[in-house]
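Heads up, the thing below is written out as structure tokens.
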Amino acid sequence: MPSSCDSLMEDIEDMVSSSDPTPHERQSARKSIIPRARKKKELMSDEELQADSLIPGTQKIWMKTWGCSHNNSDGEYMAGQLAASGYKMTDDPTEADVWLLNSCTVKNPAEDHFRNSIKKAQEQQKKVVVAGCVPQAQPRMDYLKGLSIIGVQQIDRVVEVVDEAVKGHSVRLLGQKKDGGRRLGGARLDLPKIRKNPLIEIISINTGCLNACTYCKTKHARGDLASYPIEELVERARQSFQEGVCEIWLTSEDTGAYGRDIGTDLPTLLWRLVEEIPEGAMLRLGMTNPPYILEHLEEMAKILNHPRVYAFLHVPVQSASDSVLMDMKREYCIDDFKRVVDFLKERVPGVTIATDIICGFPGETEEDFEATIDLVKAYRFPSLFINQFYPRPGTPAARLEQVPAHVKKQRTKELSQVFHSYNPYDHKVGERQHVLVTEESFDSQYYVAHNKYYEQVLVPKRVEFKGKMIVVDVYEAGKHFMKGKPVEESKPFTPSIAMPLQKGEVSGLLQEQKVNGVHVSAPMPSSCTFSIGSNSLDREMLKKIGIGLALAAVILAYIVQRVY
């Protein structure tokens with residue numbers, strides 16, 4: 001039982017009423033506040049002016065996210081809502097009043113970093129709010145005691161939780177979102193967000209999965225499969241392109257399983273999405289497990305050949321041993337994985353297949369491991385994520401007899417040596433490629449671009465290249481990248497249909513402008529209305545008005561020229 005001095009509340013519903021302002025209402029109200037100077041004669045000589053530091057919405061927040069692109073998308077949404085509500089997001093943890101820590105539960109090291117960050121925040125007397133898969137899966141961990149928690153399906157209520165944390169209350173929202181008894185994919189997709197990279201939109205198409213892998217802790221947090229409707233996903237993509245995005249990543253715990261809970265499938269979604277992709281912009285597919293992609297190989301090959309879709313697929317194999325796969329409950333055999341890879345390599349020339357391997361899973365023999373080594377040597381995967389097995393608390397694999405630590409470490413080292421024994425891009429030196437420039441390299445010396453096969457190409461850091469499709473000649477290749485020299489006679493192509501947002505700018509906010517006395521409002525980037533008095537005009541009417549204004553300008557210029 002908590003003591004009487006513990007400020008603990010099980011559900012924020014007990015403190016937040018329906019009459020409280022929403023984040024959008026709060027942001028709009030801030031614009032209409034006009035500060036008024038106080039006359040000096042109204043101040044008493046002994047009067048002290050004090051600022052109430054506990055007023056929610058005035059604090060600075062530092063957010064740290066660990067883990068997958070799904071977690072990063074959740075982090076972007078939480079940052080956007082907080083900024084829209086008045087909080088200031090900062091990159092400096094020392095100047096922040098609140099630390100929002102968005103965790104990952106896949107590996108022990110990730111959780112260790114998360115736990116250490118909590119301790120560091122408390123030592124610095126920062127307010128702490130935790131989110132992500134760790135607290136969702138195990139909210140009763142000792143080191144989470146007394147902390148406010150945002151569940152993975154409750155990120156749309158981050159402002160409420162932070163508000164209460166600022167006041168000193170401990171709030172935990174861990175419930176599942178449902179509609180008529182059916183579990184929903186999560187928070188709405190049209191929430192405000194701050195993209196980590198304004199050129200890249202990360203869209204979670206579903207949450208959870210249909211598997212029950214014995215080593216996986218994420219399942220405890222994300223649960224069973226719950227997919228977003230196609231129309232909502234298409235609308236989110238459309239809005240993103242109208243905010244200057246030129247690359248979309250689809251993410252989830254298993255993209256291949258998309259739609260099985262709502263009567264549709266991944267290819268149906270993808271064909272709808274490619275209709276929205278502007279010329280020169282690209283779509284990248286997220287991770288898919290072999291069992292579900294096997295059902296759609298023909299359609300997936302066609303989609304990966306589409307000029308606006310990267311010929312790239314992340315298909316984790318984890319082990320080349322059927323006995324190990326059975327113990328993992330992966331629901332496929334190694335021949336299934338090979339069938340996926342061989343089919344796509346045949347039908348999608350040059351396709352990039354990325355995969356994951358776990359070294360030292362309980363019960364893995366030397367023969368099992370050698371089979372995995374042979375698989376890597378045969379396929380020479382250009383992108384390989386090698387993971388030493390970590391027993392995650394509460395998973396079935398944690399209760400199995402473990403492979404000795406020094407054996408796991410040795411196998412991880414040996415597999416890494418095999419991976420680094422070949423260079424997958426040497427044969428591409430001399431090629432001419434079209435690449436889309438979206439990022440900056442870690443050393444800040446180059447811009448990072450990707451070709452059709454989502455292979456990394458470093459290009460000169462020229463501001464005119466950012467967010468553009470350019471043509472390069474590959475002149476050097478490394479283990480993980482190529483270097484490209486821009487073809488001088490070619491011009492950068494702009495795939496964006498709008499100017500990208502500035503770094504740190506909030507996406508999806510209600511924006512109002514006044515143009516020649518006429519109020520223009522856009523509730524979301526995808527819908528635009530003109531309001532003149534009480535009348536509202538739709539997009540088609542806007543086009544007609546624009547044409548009319550252009551003609552009027554031409555006529556006026558002609559008259560001025562004749563008169564003067």
Side-chain angles (χ1 to χ4, degrees), residues 2-3 5-12 53-54 56 59-79 81-83 87-155 157-175 194 196 216-218 220-222 390-395 398:
S3 66
C5 63
D6 286 338
S7 182
L8 177 63
M9 188 185 329
E10 289 300 326
D11 200 310
I12 202 168
S53 62
L54 296 181
Q59 290 75 21
K60 293 181 179 180
I61 298 178
W62 177 69
M63 185 171 70
K64 172 70 175 177
T65 293
W66 292 267
C68 64
S69 55
H70 193 165
N71 229 32
N72 277 276
S73 176
D74 287 351
E76 291 180 347
Y77 275 122
M78 288 191 283
Q81 292 172 87
L82 290 166
Y87 288 100
K88 181 177 179 181
M89 306 304 296
T90 177
D91 293 328
D92 185 353
T94 61
E95 73 171 15
D97 305 292
V98 181
W99 284 19
L100 174 54
L101 305 175
N102 188 20
S103 62
C104 172
T105 192
V106 171
K107 300 180 188 177
N108 290 15
E111 183 170 349
D112 291 341
H113 287 305
F114 171 62
R115 181 170 53 247
N116 292 337
S117 294
I118 292 174
K119 183 179 179 181
K120 187 175 181 180
Q122 292 170 332
E123 290 172 349
Q124 297 182 24
Q125 297 184 327
K126 307 289 187 181
K127 300 286 186 182
V128 182
V129 177
V130 295
C133 292
V134 172
Q136 179 73 54
Q138 289 184 294
R140 300 188 185 278
M141 295 288 287
D142 286 342
Y143 68 89
L144 298 177
K145 187 176 181 180
L147 300 181
S148 290
I149 297 176
I150 303 164
V152 295
Q153 287 208 321
Q154 300 290 337
I155 60 171
R157 302 181 66 183
V158 61
V159 174
E160 302 167 36
V161 176
V162 171
D163 282 353
E164 296 306 323
V166 167
K167 297 174 188 175
H169 302 136
S170 178
V171 183
R172 298 187 167 203
L173 291 182
L174 296 165
I194 296 178
K196 186 177 180 180
C216 182
K217 188 77 172 178
T218 306
H220 295 197
R222 298 283 183 178
Y390 291 98
R392 301 297 290 132
T395 62

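Sequence positions, counted from 1, serve as the residue numbers for this chain. Just so it is clear, the model here is predicted, and its values are computed rather than measured.
Not one N or O on the side chain of Gln138 forms a donor-acceptor pair closer than 3.5 Å with the backbone of Val134. Side-chain atoms of Gln81 come within 3.5 Å of backbone N or O of Ile155 as a donor-acceptor pair. For the pair Gln136 (side chain) and Leu174 (backbone), a donor-acceptor distance under 3.5 Å is present. Under a 3.5 Å cut-off, the side chain of Lys217 and the backbone N or O of Pro393 do form a donor-acceptor pair.
With a 4.5 Å cut-off on side-chain heavy atoms, Val128 and Leu101 count as touching. Using a 4.5 Å heavy-atom cutoff, the side chains of His169 and Ser148 are not in contact. For the pair Leu82/Val159, a side-chain contact is recorded, criterion being any heavy-atom separation below 4.5 Å from C-beta on. Within the 4.5 Å cutoff, side-chain heavy atoms of Leu100 are placed close to those of Ile150.
Screening residues 122-133 for side-chain hydrogen bond (donor to acceptor under 3.5 Å, both in side chains) gives no qualifying pairs among residues at least two apart or on separate chains. Residues in residues 65-77 take part in these salt bridge (charged side-chain N to carboxylate O under 4.0 Å, His left out) pairs, two or more places apart or across chains: Asp74-Arg222, Glu76-Lys193.
The nearest pair of heavy atoms linking Ala221 to Cys133 is CB-O, 3.4 Å. Taking both residues in full, the closest heavy atoms of Ile194 and Ala83 are given as CD1-CB, 3.7 Å, listed atom of the first, atom of the second, then distance. Summarising the geometry of Asn71 relative to Ser103, their closest heavy-atom pair is ND2-O, 2.6 Å, with the distance given to 0.1 Å. Of all the heavy atoms in Arg172 and Lys145, the pair that sits closest is NH2-CA, 3.8 Å. The two atoms that bring Met78 and Ala131 nearest to each other are CE-CB, 3.9 Å, heavy atoms only.
Listed by chain and number, the residues in a side chain to side chain donor-acceptor pair (under 3.5 Å) with Thr105 are Arg392 (sequence neighbours excluded). Applying the salt bridge (Lys or Arg N to Asp or Glu O under 4.0 Å) criterion to Asp142, with sequence neighbours excluded, gives no partner residue.
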Under 3.5 Å, which donor-acceptor pairs link side chains of residues 113-120 to any protein atom two or more places apart or in another chain?
unit_1 : atom_1 : unit_2 : atom_2 : d
Arg115 : NH2    : Asp112 : OD1    : 2.5
Asn116 : ND2    : Asp112 : O      : 3.2
Ser117 : OG     : His113 : O      : 2.9

Show which side-chain atoms of residues 60-68 pair as donor or acceptor with protein atoms under 3.5 Å away, not counting sequence neighbours.
unit_1 : atom_1 : unit_2 : atom_2 : d
Thr65  : OG1    : Asn102 : ND2    : 3.4

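Surrounding CG of Asp91 are at most 12 heavy atoms belonging to other residues, nucleotides or ligands under 6.0 Å away.
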Exercise for the section: Take Tyr87 and Asp163 through the test side chain to side chain contact (heavy atoms under 4.5 Å, CB included) and record every step on the way to the result. Expected result: CA-CA 10 Å; Tyr87 288 100; Asp163 282 353; 2.5 Å; yes
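In this structure, CD on Glu164 lies 10.5 Å from CZ on Arg157, to the nearest 0.5 angstrom.
When the options Val152, Leu147, Val130 are evaluated for a side chain to side chain contact (heavy atoms under 4.5 Å, CB included) with Pro135, the one that passes is Val130.
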